[in-house]
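Side chains included, hydrogens not; waters and symmetry mates left out as well; all remaining heavy atoms used. None of these values were measured; they are calculated from a predicted model. Throughout, protein chains are lettered first and strands after them, A, B, ... in sequence-line order, and every chain is numbered starting at 1.
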Protein chains: 2
Amino acid sequence: MTLDREQVLRSAAALLTRKSTATMDEVAKAAGIGRATLHRHFAGRDALVRALEELGIQEFEAALDTAVLDEGTSQEALRRFVAAIEPSAGLLSFLVTENQLFEGDGQNDGWDRLDARVAAFFRRGQERGEIRIDLTPAWLTEALYGLISSAAWAVQAGRVAGQDFAYMIVELLLGGARRSVEQ
Amino acid sequence: MTLDREQVLRSAAALLTRKSTATMDEVAKAAGIGRATLHRHFAGRDALVRALEELGIQEFEAALDTAVLDEGTSQEALRRFVAAIEPSAGLLSFLVTENQLFEGDGQNDGWDRLDARVAAFFRRGQERGEIRIDLTPAWLTEALYGLISSAAWAVQAGRVAGQDFAYMIVELLLGGARRSVEQ
DNA sequence: TTCCGGTGAGACATCAACGTCTCAAGTGGG
DNA sequence: CCCACTTGAGACGTTGATGTCTCACCGGAA
């Protein structure tokens, strides 16, 4: 029985999303495999996290590709992206906080590439006059990540409905909470 | 030389904000005291975190009191609150993620009280017609926390300017990133 | 059937952090 | 001045997670 590496990473992601301090033993049990087997495929906890990082980056990138941020209005593009990233929101949330722990040492540069793509999206929106120019692309990028994490957590905690995930994020990020005059 | 408990908690908060997995030894060193002394005043890591939780709740509550959310428009009130919470943003961010680890066991009910006050603020805004009603108070509350955390982190990482802290959060949360017609 | 590679279970040593304790030193109050 | 109290430093045992290893087992391929 050959190990399904993908499936192991999936269950590890699901577990670590809920409990970021989970033990290697817990991760193994969650994947339905032995701890020894887990070690055979991932040299250690660090290696596991790095593999999850690769997975997260890959899914993030796939979501960006799927969304085709260049097409249509900023709102339409962002809505497509958030909908595409939703299944990975928990993993992303875990990786973001995990990344904050790394104090500057070898940080996967994949994140920089993704940050750049998202920031570029907001910048294009500004150039087309669809996005405010008094909020920097860097801040909008960070805010998007924060809202995705918050929404993922709020949904999991049952404080908000899961079906509203994309709507909540996009409406708040683009439209804001203020009730405008025309609506 | 009597130990300054407040000062110890401050430096612990500052350290744990940056490195949430810091050791008791690191916390002690950061506070300029010995590990034994730290243990004399906080029975263990849990006790320390709980003390920080108390501090965070207290500062959060103080910020809510300072802001007087009932007065003026929602925007003015929110701006006052975010400005008041800014010094505690890092600590809050740490406590929020720390809280997510606690799987339902004894959770400080002070958070519920704070959540209720914030949610009530958004609900009042909705009733006065200042806040959209298609975004629930619960989501707006979570989103506010997420934006505060994101902003605190982004400022510390040097990705955004610290002086824009309150402006960025309030403008994005209330106004949204979309460029409106009249502005 | 017979191998062979991968697996699960468990034993084992290692290591880092924890919590406790002791003791010398220093401070402040009486 | 002296004493009570607190601190800092370090030693010590304990715990929990880690990483490695062995061995029996099983399923698929020859």
Of all residues at least two apart in sequence or in a different chain, which pass the ring pair (Phe, Tyr, Trp, His ring centres under 6.0 Å) check with F121(B)? none
So which protein nitrogen or oxygen atoms get under 3.5 Å of nucleotides 18-21 of chain D's nitrogens or oxygens?
{"residue": "dT18(D)", "atom": "OP2", "partner": "M24(A)", "partner atom": "N", "Å": "3.0"}
{"residue": "dG19(D)", "atom": "OP2", "partner": "H39(A)", "partner atom": "NE2", "Å": "3.0"}
{"residue": "dG19(D)", "atom": "N7", "partner": "R35(A)", "partner atom": "NH1", "Å": "3.1"}
{"residue": "dG19(D)", "atom": "O6", "partner": "R35(A)", "partner atom": "NH2", "Å": "2.9"}

Given dT6(D), is OP1 or OP2 found less than 4.0 Å from the side-chain N or O atoms of H41(B)? no
Side-chain heavy atoms of I131(B) within contact of L174(B), under 4.5 Å: yes
Which whole-number value in Å describes the distance from L38(B) CG to dA17(C) C1'? 13 Å
Could you give the NZ-to-C1' distance, from K29(A) to dG10(C), as a whole number of Å? 11 Å
Are E171(A) and R79(A) ion-paired here, with the side-chain N under 4.0 Å from a carboxylate O? yes
Test: R159(B) and E142(A) ion pair at under 4.0 Å: yes
Once the angle between the rings of Y145(A) and F60(A) is folded into 0 to 90°, is it parallel (under 30°), tilted (30 to 60°) or perpendicular (over 60°)? perpendicular
